[in-house]
Participant: 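Structure in structure tokens, see below.
Everything quoted here is computed from the prediction, not taken from an experiment.
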Amino acid sequence: MKTVKDYIRTIPDFPHEGIMFRDVTTLFADPAGLRLAIDQLLQPYAAVQVDKIVGLEARGFILGGAIAYELGKGFVPIRKQGKLPGKTLSQAYTLEYGEAVMEIHEDAIEPGEKVLVVDDLLATGGTASAGLKLLERLGADVIGCAFIIDLPDLGGRRVLESLDMPVHCLCAYEGL
């Protein structure tokens, strides 16, 4: 029986020399792989009260939309700055090569709503931490973060767990 990891392609030296890029597009393109990933991502939350699924740009939109559909819940995107049309809240965060800003519509979450944050990859935890800060500012009750891939050597899980955030990952790859 195949695992989620069996559907993920590794591309050496992308986007820079020495990086082993974990490409989930091959997972998404295979119906059995996509179903397996969605089922495994939502499994820990199937019996838990969740009001909305929050997806982090961009592959978190694919996963989050599918999970929201399966659970019969709403979906909320957290996007890169300047991509949302309504009034937004912004959160800057640090990347290994600079700084970026994430945004959420200021009316996307009601205070006290239970939300699950979803993305494809957990690396340094910067994007997820910025998303959590935005959700905290809106008064959300974040029940956890779910990812397909964890890159433990980059420390993102430790960052999120230090914020008392439960983290669910389907597979891990050592190294960069």
Side-chain angles (χ1 to χ4, degrees), residues 1-10 21-80 83-84 102-105 107-136 138-152 154 156-173:
M1 185 165 169
K2 285 182 131 180
T3 68
V4 166
K5 207 171 189 178
D6 294 325
Y7 293 95
I8 298 169
R9 169 174 56 186
T10 298
F21 186 81
R22 309 309 176 172
D23 181 15
V24 295
T25 63
T26 50
L27 171 73
F28 294 165
D30 189 289
L34 180 60
R35 168 60 61 195
L36 182 63
I38 297 304
D39 288 348
Q40 289 182 3
L41 283 170
L42 71 82
Q43 189 278 328
Y45 311 100
V48 177
Q49 181 191 342
V50 179
D51 298 308
K52 290 187 178 150
I53 308 301
V54 173
L56 303 175
E57 187 159 332
R59 290 171 296 273
F61 298 171
I62 297 164
L63 299 166
I67 291 169
Y69 175 80
E70 286 292 323
L71 294 177
K73 304 300 176 183
F75 172 77
V76 173
I78 292 183
R79 301 216 54 195
K80 293 177 183 172
K83 301 290 184 179
L84 293 172
M102 300 295 281
E103 293 182 330
I104 190 170
H105 279 129
D107 60 355
I109 305 286
E110 294 294 322
E113 282 190 305
K114 296 186 179 304
V115 302
L116 171 64
V117 175
V118 180
D119 204 0
D120 67 320
L121 179 77
L122 177 58
T124 65
T127 303
S129 294
L132 292 173
K133 288 177 185 172
L134 286 169
L135 292 166
E136 180 181 303
L138 291 175
D141 179 6
V142 181
I143 63 163
C145 294
F147 304 90
I148 294 174
I149 300 170
D150 181 17
L151 300 178
L154 297 179
R157 179 185 283 267
R158 286 188 304 276
V159 168
L160 298 182
E161 289 176 344
S162 74
L163 301 171
D164 292 324
M165 187 54 52
V167 176
H168 173 58
C169 298
L170 303 187
C171 64
Y173 289 91

Participant: Rounded at 0.5 Å granularity, tell me how far CG in L132 sits from CG in L56.
Facilitator: 8.0 Å

Participant: Is there side-chain contact between V117 and I78, with heavy atoms separated by less than 4.5 Å?
Facilitator: no

Participant: For A66 and I38, which heavy atoms make the closest approach, and how far apart are they?
Facilitator: CB-CD1, 3.6 Å

Participant: Going by heavy atoms in the side chains, are V159 and T124 under 4.5 Å from each other?
Facilitator: no

Participant: Distance-only criterion, 3.5 Å: show the donor-acceptor pairs between side-chain atoms of residues 45-54 and protein atoms not counting sequence neighbours.
Facilitator:
unit_1: Q49; atom_1: NE2; unit_2: D51; atom_2: OD1; d: 3.4
unit_1: D51; atom_1: OD2; unit_2: K114; atom_2: N; d: 2.7
unit_1: K52; atom_1: NZ; unit_2: A108; atom_2: O; d: 2.8
unit_1: K52; atom_1: NZ; unit_2: E113; atom_2: OE1; d: 3.1

Participant: Does E136 have more than 12 heavy atoms from other residues, nucleotides or ligands lying within 6.0 Å of its CD?
Facilitator: no

Participant: Please assess H105 against R79 for the test side-chain contact (heavy atoms from CB on, under 4.5 Å), listing each intermediate value before the final yes or no.
Facilitator: CA-CA 9 Å; H105 279 129; R79 301 216 54 195; over 6 Å; no

Participant: Atom CZ of R22 and atom NZ of K5: how far apart are they, to the nearest 0.5 Å?
Facilitator: 7.5 Å

Participant: For a quick test of reading the model, state the closest non-hydrogen atom pair linking K83 to E103 and the distance between them.
Facilitator: N-OE1, 4.4 Å

Participant: To the nearest 0.5 Å, what is the distance between CG on L36 and OG1 on T3?
Facilitator: 7.5 Å

Participant: Please report the C-alpha distance between F147 and R157 in whole Å, then the side-chain angles of each, then the deciding distance to 0.1 Å, and finally whether the side-chain contact (heavy atoms from CB on, under 4.5 Å) criterion is met.
Facilitator: CA-CA 10 Å; F147 304 90; R157 179 185 283 267; over 6 Å; no

Participant: Of all heavy-atom pairs between V142 and M165, which one has the smallest distance, and what is that distance?
Facilitator: CG1-SD, 3.6 Å

Participant: Working to the nearest 0.5 angstrom, can you tell me the gap between T25 OG1 and I8 CD1?
Facilitator: 10.5 Å

Participant: Any non-hydrogen side-chain atom of L134 less than 4.5 Å from a side-chain atom of L138?
Facilitator: no

Participant: What pair of heavy atoms forms the shortest contact from A68 to G74, and how long is it?
Facilitator: CB-O, 3.8 Å

Participant: Can you tell if the side chain of F75 reaches within under 4.5 Å of the side chain of Y69, non-hydrogen atoms only?
Facilitator: no

Participant: Using side-chain contact (heavy atoms from CB on, under 4.5 Å), reason through D119 and L63 one step at a time and then give a plain yes or no.
Facilitator: CA-CA 7 Å; D119 204 0; L63 299 166; 5.6 Å; no

Participant: Going from CD1 on I67 to NZ on K73, what distance comes out if it is rounded to the nearest 0.5 angstrom?
Facilitator: 13.5 Å

Participant: Could you measure the distance from the CZ atom of R158 to the CG atom of L122? Nearest 0.5 Å is fine.
Facilitator: 10.0 Å

Participant: Given R59, which partner from the list L121, V118, L27, D120 fulfils the side-chain contact (heavy atoms from CB on, under 4.5 Å) test?
Facilitator: D120

Participant: Looking only at atom types and distance, does a side-chain atom of H168 sit under 3.5 Å from a main-chain N or O of L42, one as donor and one as acceptor?
Facilitator: no

Participant: Looking only at heavy atoms, what is the nearest atom pair of G144 and L116, with distance?
Facilitator: O-CD1, 3.3 Å

Participant: Ignoring hydrogens, what is the shortest heavy-atom contact between A37 and L170? Give both atom names and the distance.
Facilitator: O-CD1, 3.7 Å

